[in-house]
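Take a look at the structure below.
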There are 2 protein chains.
Amino acid sequence: MEFKHQVTVTLAEVAEAAGVGESTVSRVLRDHGSFSGKTRERVMAAVERLGYVPNRIAGTLASTGSRLVAFVIPSLSNIVFPDVLRGASAVLEENRYQAVFSVTDYDPGKEEALVAAMLAWRPAAVMLAGYEHTDGTVKMLRASGCRVVELLDLDGDALDIAVGFSNRAAGRESATFLLKRGYRRIGYVGHDLNRDTRAGKRFSSFCETLDVRGPSLVAHEILAGASSVENGRLGLERLLARTADLDAVYFSNDDMALGGYFHCLAKGIAIPSKLAIFGYNGLDIGRVMPQSLSTIRTPRVATGEIAAELVVANAPSQAVDLGFELIEGATA
Amino acid sequence: MEFKHQVTVTLAEVAEAAGVGESTVSRVLRDHGSFSGKTRERVMAAVERLGYVPNRIAGTLASTGSRLVAFVIPSLSNIVFPDVLRGASAVLEENRYQAVFSVTDYDPGKEEALVAAMLAWRPAAVMLAGYEHTDGTVKMLRASGCRVVELLDLDGDALDIAVGFSNRAAGRESATFLLKRGYRRIGYVGHDLNRDTRAGKRFSSFCETLDVRGPSLVAHEILAGASSVENGRLGLERLLARTADLDAVYFSNDDMALGGYFHCLAKGIAIPSKLAIFGYNGLDIGRVMPQSLSTIRTPRVATGEIAAELVVANAPSQAVDLGFELIEGATA
DNA sequence: GGTTTTTTTGGCAGCGCTACCAATTTACCG
DNA sequence: CGGTAAATTGGTAGCGCTGCCAAAAAAACC
C-alpha cells in the first residue's frame, strides 16, 4: 500500500476561509501585532474548521532564527545524557523550542559530521558534551553564529557558554576523601578513557592528588567499551586477581561501582572493612543499596535546565559552575 | 555581550564563486542529476572556500517532505525510551534523517500539544509510545498524512505502523512461569498504572492468568510516581508489612525488582527460598547481580531500529511483533 | 562535415510563511 | 463635526532552496 500524500492546508486558505488577509492570520496565530477580537474569532474558527497546522519550516525560513536546539551527545546508554536531555527538554518545551539530537558514540569525527548536519537546520543553539572537538567542528560552530553550549565540563576554554562542573575537582575531592578516611592502597576501575575524556580528567586528577598527598595509585584496570555494571564487576575481579591487598577502589562511575559492589557481595568481600568502594554520579540507586554508595552527586538534570534557560534568554557568553556534592555513604 | 548575528553563506554565493548556476550547485551537493567532474570540483572548492553549510530549512520547504522524524515519548527517566531512541537514531543517522523529540510525562493532553508542535515541522514520521492517545491526537495524525509509528505495544489497533511486543503476553507468561515454579502466594509491586498503560496491561493480564490457573493475586502495592529502585524497595517493604507470607512478588519492571532485591538483602530475606522476585525488561544489571534476576527481556533497542528502518523504507502499514524472552534467573 | 542524440547547464517560478509598509477603519479631542 | 492620533488591516517582496524546462555544449553517428 503506497501511502497517500499529505494534503496541506495553507495559511492562504485559512485567510480566504476567514475572509481576511494572510498577514492578519499570521498575526493572530502568533499573537503578535494588533487585531480585533472579532477578527481573532473568525480566524480561529477557520483554523479549527480546516484543521490548519502552521508550517514551521516556512515560518522559520521567512523569519530569522529557528526555535530548534540541537544536541550532539556522545551516548544514550550513559544515564548522564538522558538526564541532561530531560532537564533541557522540560525548559525548552515550556518556551516552545524543539530539541533535535544525534549520538556521536564518543567519536570526534562523527561529532563533526553530525554538527554539520545539525547546522543545516539553522538551530538557535548547539549543545555538546565537553571541550574536546575537532578543529573542523570548532570552525563550523564559530562560523555558524549560533549559540554553542558545552556541557558537563569546566576544565578548558569554552567557545561560548559552558554549564557543568569541574571533573578535575571531582577527581581531586574523591582522592582527598579516601585519603582522609585512611585508605592507602587504592586502585581504580574504569571504562575507555580516550573516548570519555571527562572520566579521563577525573582519573588523572585523582592520580595527581594521590601522588602529591602520599600513596600513589597502586593499580588500575581499564576496560574497553562503555561503562556498565557488568564491566564494573569484571574490572574489579581482574584488578583484585592482580593486586589482592587493596583497601579501596575508585570507579569511573556509579554503574561500574555497582558492579564492583556486586562482585564483593558475591565473593563475600566485606565492605568497607575489607575493601572500600567509591563511585561517581550519585545515581538514585546508590541510596537504596543495602549499604549506601559513597560517591559524588552531579547535577545532571540541572545542567540541562540551566543550559536551556541560558539559550532561551539569549544570555551572554559565560561559564556556569553548578558544582557537585560528595556523598559520604557506607561503602567508603 | 550581545551575540553577533549569523552571517550566512547562501547557495547563490557559492554559485557565483564557482562561476556556475545555482541549480548546478544544488545538483552537485545533492549528487542528483548530471554534471561533469570538472564542475563538481569547482563547486566543491567554492563550498570549501566559503565554508558553505546548506540550509535544510529552505531545502525542505522547496522540496516535498522532510527528513525529520519526531519522537513523542512519555519519559527519559525510564530506560526504555533512551534505548528505543538509541536504536532508532543509529539507523536514522545512517540514512541522513534527524531525530526530534519531546517528552510527555505520560500525560495524554501534553502528548496532544506536543504532537501538534511536531507536526508543524512536517516530519516524515511521528513515533509514539503505545496506543492510548486522545481523539485530538488521533485526528491530527490521521490528517497529517505523515507516517505514524506506535511503539512497544501490540495490544490494540495501530494507526499505521506498530513495532513492539505484546505486554499482555508478557504478563501472562510471567504468571505462568511463577505458577510452574510452584509459587502460590503471589504479590505485585508496581508504579503508577494509569499513566504507564503498558505496565497496566501486563498487570491485568498477569492477574487474569492467576485467576484462571488457580491462586489469585494475594496482594499488591502500587506506588504513585515513576518506577525506580527506591520505589521498588519501599513498595516491597510495605507489601510485606501488610502480607507477610508471600512466596513470590512480580514487579512492574527491573528497576522496581532491583529495589525489592535490595530490601531482601538488607533484611536478610533469602531469595528465592523465602521470597521469589520477578521483574520485567531484562536490563543488563539483572545478569550481574549476585543472583541473576528472573525477568522478561524486551527488545528495546531493536524496536527503535526496526521502527526507523520501516520509516526510512516507507514500508506499508503493518504491525511487527519482536517478541520477548523469558529469563529464568536465580531469583525466581 | 552535418546531424542527431545525449549530457550538462542556467533561468526562474514557486514552497508557505513573515516583515515591512501603506491603506483603511475606528477612536478621540476640542 | 472636522481633524488628528491610534488601532487594524492587506499587499507584497523576499527567506534559500529545488524542480522543471529549455538552451547550450559535448558526444555519437552517418
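- Nucleotide D/dG16 holds its C1' atom 15 Å from the CG atom of B/Leu50, rounded to whole Å.
- Side-chain N/O atoms of B/Arg42 and B/Thr39 include no donor and acceptor closer than 3.5 Å.
- Residue A/Ser36 places at least one side-chain N or O under 4.0 Å from the OP1 or OP2 atom of D/dT9.
- Contact annotation for A/Ser34: base contact, defined as any heavy-atom pair under 4.0 Å involving a base atom.
- When distances run from any side-chain atom of B/Ser63 to the nucleotides C/dT8, D/dG19, D/dC17, the shortest one goes to D/dG19.
- At the heavy-atom level, A/Arg27 lies under 4.0 Å from base atoms of the strands shown.
- One atom, CD of A/Glu16, and another, C1' of D/dG11, lie 15 Å apart when rounded to the nearest Å.
- If A/Glu22 and A/Gly37 are placed on DNA chain D by their nearest nucleotide, the residue sitting closer to the 5' end is A/Gly37.
- A salt bridge between A/Glu132 and A/Lys201 is present, with a side-chain N of the basic residue lying under 4.0 Å from a carboxylate O of the acidic one.
- Listed pair A/Ser26 / C/dT18 meets the phosphate criterion, a side-chain N or O lying under 4.0 Å from OP1 or OP2.
- In this structure, B/Leu119 places its CG atom 16 Å from C1' of C/dG16, rounding to the nearest Å.
- Taking CD1 from B/Ile57 and OG1 from A/Thr60, the interatomic distance works out to 5.0 Å, rounded to the nearest 0.5 Å.
- Comparing B/Thr24 and A/Leu61 against DNA chain C, the residue whose closest nucleotide sits nearer the 5' end is B/Thr24.
- The line from OG of A/Ser77 to CG of A/Asp105 is 8.0 Å long, rounded to the nearest 0.5 Å.
- Atom NE2 of B/His32 and atom P of D/dT18 are 10 Å apart (whole Å).
- No hydrogens or angles were tested; on distance alone, a donor-acceptor pair under 3.5 Å links the side chain of B/Ser23 to the base of C/dG11.
- Side-chain N/O atoms of A/Arg30 include none lying less than 4.0 angstrom from OP1 or OP2 on C/dC17.
- Contacts of B/Thr60 with the nucleic acid, taken as non-hydrogen atoms under 4.0 Å apart, are absent.
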